[in-house]
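For reference, the structure is listed below as structure tokens.
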Amino acid sequence: MRTYKRIFRGLCVLSVILIMGCKEESKEKEEEALPNIIFVMADDLGYGDISVFNPSGKIKTPHLDQMAADGIRFTDAHSSSAVCTPTRYGIMTGRYNWRSTLKQGVLTGRSEALIPTSRTTVASMLKKQGYHTAFIGKWHLGWDWALTDTVSSGEGWNPRDFDNLDYSKPVKNSPNDLGFDYAYGHSGSLDMAPYVYVENGRPTAIPTEVTVNKGKYSWWRKGPTSPDFEHDQVTPNFFNRAIAHVKEQANKDQPFFLYLPLPSPHTPILPLEEWQGKSNLNPYGDFMIMIDHYMGELLKTVTETGISDNTLVIFTSDNGCSPAAGIKEMIEMGHYPNGIYRGHKADIFEGGHRVPFIAKWPARIKAGSTSDETICLNDFMATTAAISGYQLGDNEAEDSYNILPALTGEALDAPIREATVHHSVNGSFAIRRGDWKLAMCGGSGGWSFPKPNNKAVLDTLPSVQLYNLQEDPKETQNLVETYPDKVEELKNLLTKYIVEGRSTAGAPQQNDGPETWNQLWWMSDEEEME
């Protein structure tokens, strides 16, 4: 009998060892498995519009706050530009926007494709690494509409500019041609015609009417509108499709990348009736609460489908809050959309490009983390390359740094980024290194005071601005005369980045042209030519 008991005990111990071994093996495989990646980007959402970044703010965002509690938030994150299109270019290519042919401003809904199909994008890179890739949302990087004739109708700012678009035929150079297996969205901002959904390169319907809205917050430009395109339903539509996409992909063995760039809370500001008045602030505040709700639904779906542990979810914004949101009236009511920072969308000041950034990835990111590391949205490409095991070439992601160590809480011996270049709507430059920021213009470079066209004021100011952001985060004291050596140091580094066609290590690259660099007044002719 004792012999049988010994055998039984031995079998039990062996079973436990085998079970534990299987669990360890399963855990190792899970850790080795490529994570799903969901990148959600709001449009014109300010640093102070998420309550975890602005506890005294009037807009409450419990779902995004919970996402931060479950992951990490970065307090010093930046979009590469203070406006829409350029930031999107940086995210997709890992390259500063001003290296493209777009040296200032933004594209329209009619603009041709900005990114050539020969350039590697986040989507094409991840596709090579075995990911299913999908885009759902606002593109705003141009694609080539089919035309009824070859005569140019304009750039897309006037209703007549769309007269020769042929919606019965596929568009060319669409997101599908840049690495996305699936693509569904509209071409420009939600206030830019044409108001037409395009799915996998084909318009989903032909416009049957011309619409226009001139409300204080809900305005959009006059232009052709498809019968399936309802402005106030666009944001819910994108979220619902994203949720359905997550459910579909969760049942497959293949990892997926979902790029979800929202058209909101950019104008037109259109909170559904259910959310109107909920913020006790203004329609923009209501719109923010609605976005937070839908983010909660998306995150809940990720959890309910059982893929949460190994899914990296990022939420951020493409630039600072816009004056169109009613910044002045919100401040009067005690809400500061861009937090403590000076300026707003379009500006070279911090309010133009400092953005909230939250990441959740339970398998790798410690819950409740906060990082003060300076990062840029361009860094998404190098980071996902590191995650997926892709080796970047010299002509790929020239301005992208791998921030995975910061995400996972590794101890850093030095800052990840040597420096970060900022860009305003009129093409003005700034460079940030450590605590120091040098702006190569005398004013905002954008829409706040002093504006670029305010010559009378600008003539009384120094031509450049130097700030110590650690001591003066509100950018109130220009130290250009106090620290001339620091001005020269940063100017030289910025010049180096521009001339060499990259800011990361690697072989020099060419910037795109032939547009004139109208904001490089501090560089010599020889440097510009290079």
Side-chain angles (χ1 to χ4, degrees), residues 39-47 49 74 76-109 111 113-115 119 121-123 135 137-142 175 178 185 187-190 192 259-267 314-322 324 338 341 343-358 374-384 397-401 403 417 420-430 432 445-447 503 512:
F39 188 96
V40 186
M41 182 169 65
D43 195 352
D44 289 7
L45 182 157
Y47 183 91
D49 287 329
F74 284 77
D76 198 3
H78 299 262
S79 54
S80 65
S81 170
V83 284
C84 302
T85 299
T87 290
R88 284 160 172 72
Y89 179 89
I91 292 167
M92 281 292 100
T93 66
R95 189 178 187 231
Y96 282 130
N97 53 275
W98 38 267
R99 300 197 191 281
S100 76
T101 56
L102 186 70
K103 306 302 183 186
Q104 60 182 6
V106 300
L107 299 184
T108 70
S111 297
L114 179 62
I115 304 175
R119 177 161 287 280
T121 66
V122 171
F135 149 72
K138 166 187 168 177
W139 185 238
H140 212 180
L141 284 166
L178 292 169
S187 55
S189 293
L190 195 53
M192 293 178 175
Y259 174 50
L260 178 59
L262 305 175
S264 48
H266 189 291
T267 52
I314 291 172
F315 182 89
T316 187
S317 177
D318 65 345
N319 47 248
C321 183
S322 169
N338 294 307
Y341 299 105
H344 47 61
K345 174 183 178 177
D347 293 347
I348 205 67
F349 299 128
E350 291 293 289
H353 50 79
R354 187 179 289 241
V355 294
F357 188 99
I358 303 172
T374 304
I375 64 171
C376 178
L377 299 191
N378 285 15
D379 298 334
F380 182 61
M381 188 164 180
T383 305
T384 51
E398 293 95 324
D399 304 297
S400 186
Y401 287 77
I403 67 167
R417 297 187 127 261
T420 303
V421 179
H422 309 304
H423 208 231
S424 75
V425 69
N426 84 327
S428 292
F429 284 80
R432 161 87 179 282
W447 299 341
S503 57
D512 300 338

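If you read the sequence from its start, that first residue is 1, and numbering goes on from there. Only a predicted model underlies this, so the values are computations on that prediction, with no experimental measurement involved.
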Handout entry: Polar side-chain atom of S424 near backbone of I348 as donor-acceptor pair, under 3.5 Å
Key = no

Fill in the blank from the handout: side-chain contact (heavy atoms from CB on, under 4.5 Å) with S317: of L45, L262, D49, only one passes, and it is L45

Exercise for the section: Output, in order, the C-alpha distance, side-chain angles, deciding distance and verdict of side-chain contact (heavy atoms from CB on, under 4.5 Å) for M92 and L178. Expected result: CA-CA 9 Å; M92 281 292 100; L178 292 169; over 6 Å; no

Practice task
Anything under 30° is parallel, anything over 60° is perpendicular, the rest tilted; go ahead and classify Y47 against Y341.
Solution key: perpendicular

Handout entry: V106 and H140, any side-chain heavy atoms less than 4.5 Å apart
Key = yes

Exercise for the section: Specify the closest pair of heavy atoms between K138 and S189, including all atoms of both residues, with the distance to one decimal. Expected result: NZ-OG, 2.8 Å

Practice task
Ignoring hydrogens and angles, tell me if any N or O in the side chain of S80 forms a donor-acceptor pair with the backbone of G90 under 3.5 Å.
Solution key: no

Problem - Euclidean distance, Y89 OH relative to T121 OG1, rounded to 0.5 Å - result: 11.0 Å

Practice task
Could you check whether the rings of Y259 and W139 sit parallel, tilted or perpendicular, using 30° and 60° as the cut-offs?
Solution key: perpendicular

Handout entry: Side chain to side chain, L107 and L102, heavy atoms closer than 4.5 Å
Key = yes

Problem - Donor-acceptor contact below 3.5 Å, side chain S81 vs main chain T87 - result: no

Exercise for the section: Run the salt-bridge test on R95 and D512 with the 4.0 Å N-O cut-off and return the result as yes or no. Expected result: yes

Exercise for the section: Determine the minimum heavy-atom distance between M192 and T108, stating which atoms define it. Expected result: SD-CA, 3.8 Å

Handout entry: Side chain proximity check, R88 to I115, heavy atoms < 4.5 angstrom
Key = no

Practice task
Evaluate the side-chain contact (heavy atoms from CB on, under 4.5 Å) criterion for residues L141 and T85: first the C-alpha distance (whole Å), next the side-chain angles of each, then the deciding distance (0.1 Å), finally the verdict.
Solution key: CA-CA 6 Å; L141 284 166; T85 299; 4.1 Å; yes

Problem - Check: D347 side chain, W447 main-chain N or O, donor-acceptor pair, under 3.5 Å - result: yes

Practice task
Nearest 0.5 Å please: distance from the CG atom of L260 over to the CZ atom of F135.
Solution key: 9.0 Å

Handout entry: Min side-chain heavy-atom separation F380-I314 under 4.5 Å
Key = yes

Practice task
Kindly assign one of parallel, tilted or perpendicular to the pair F429 and H423, based on the angle between their ring planes and the thresholds 30° and 60°.
Solution key: perpendicular

Practice task
Taking the side chain as every heavy atom from C-beta outward, state whether H422 and C376 have any pair of such atoms under 4.5 Å apart.
Solution key: no

Exercise for the section: Give, for atom CG of N338 and atom NZ of K345, the distance between the pair rounded to the nearest 0.5 Å. Expected result: 11.5 Å

Handout entry: Separation between CZ of F39 and CZ of F315, rounded to the nearest 0.5 Å
Key = 10.5 Å

Handout entry: Closest contact, heavy atoms only, T93 versus R119
Key = CG2-CD, 3.9 Å

Practice task
Please confirm whether the backbone N or O of M41 pairs with a side-chain atom of T316, one donor and one acceptor, at under 3.5 Å?
Solution key: no

Handout entry: Residue that, paired with R417, satisfies salt bridge (charged side-chain N to carboxylate O under 4.0 Å, His left out) out of D76, D379, D399
Key = D379

Practice task
Look at the side chain of S79 and the backbone N and O of D318, then say whether any donor-acceptor pair between them is shorter than 3.5 Å.
Solution key: yes

Handout entry: Minimum side-chain heavy-atom gap W98-V421 below 4.5 Å
Key = yes

Handout entry: Validation row: Y96, T420 side chains within 4.5 angstrom (heavy atoms)
Key = yes

Problem - Within-4.5 Å side-chain heavy-atom neighbours: N319 and D44 - result: yes

Practice task
Starting at CG of D43, measure out to SG of C84 and round the result to the nearest 0.5 Å.
Solution key: 4.0 Å

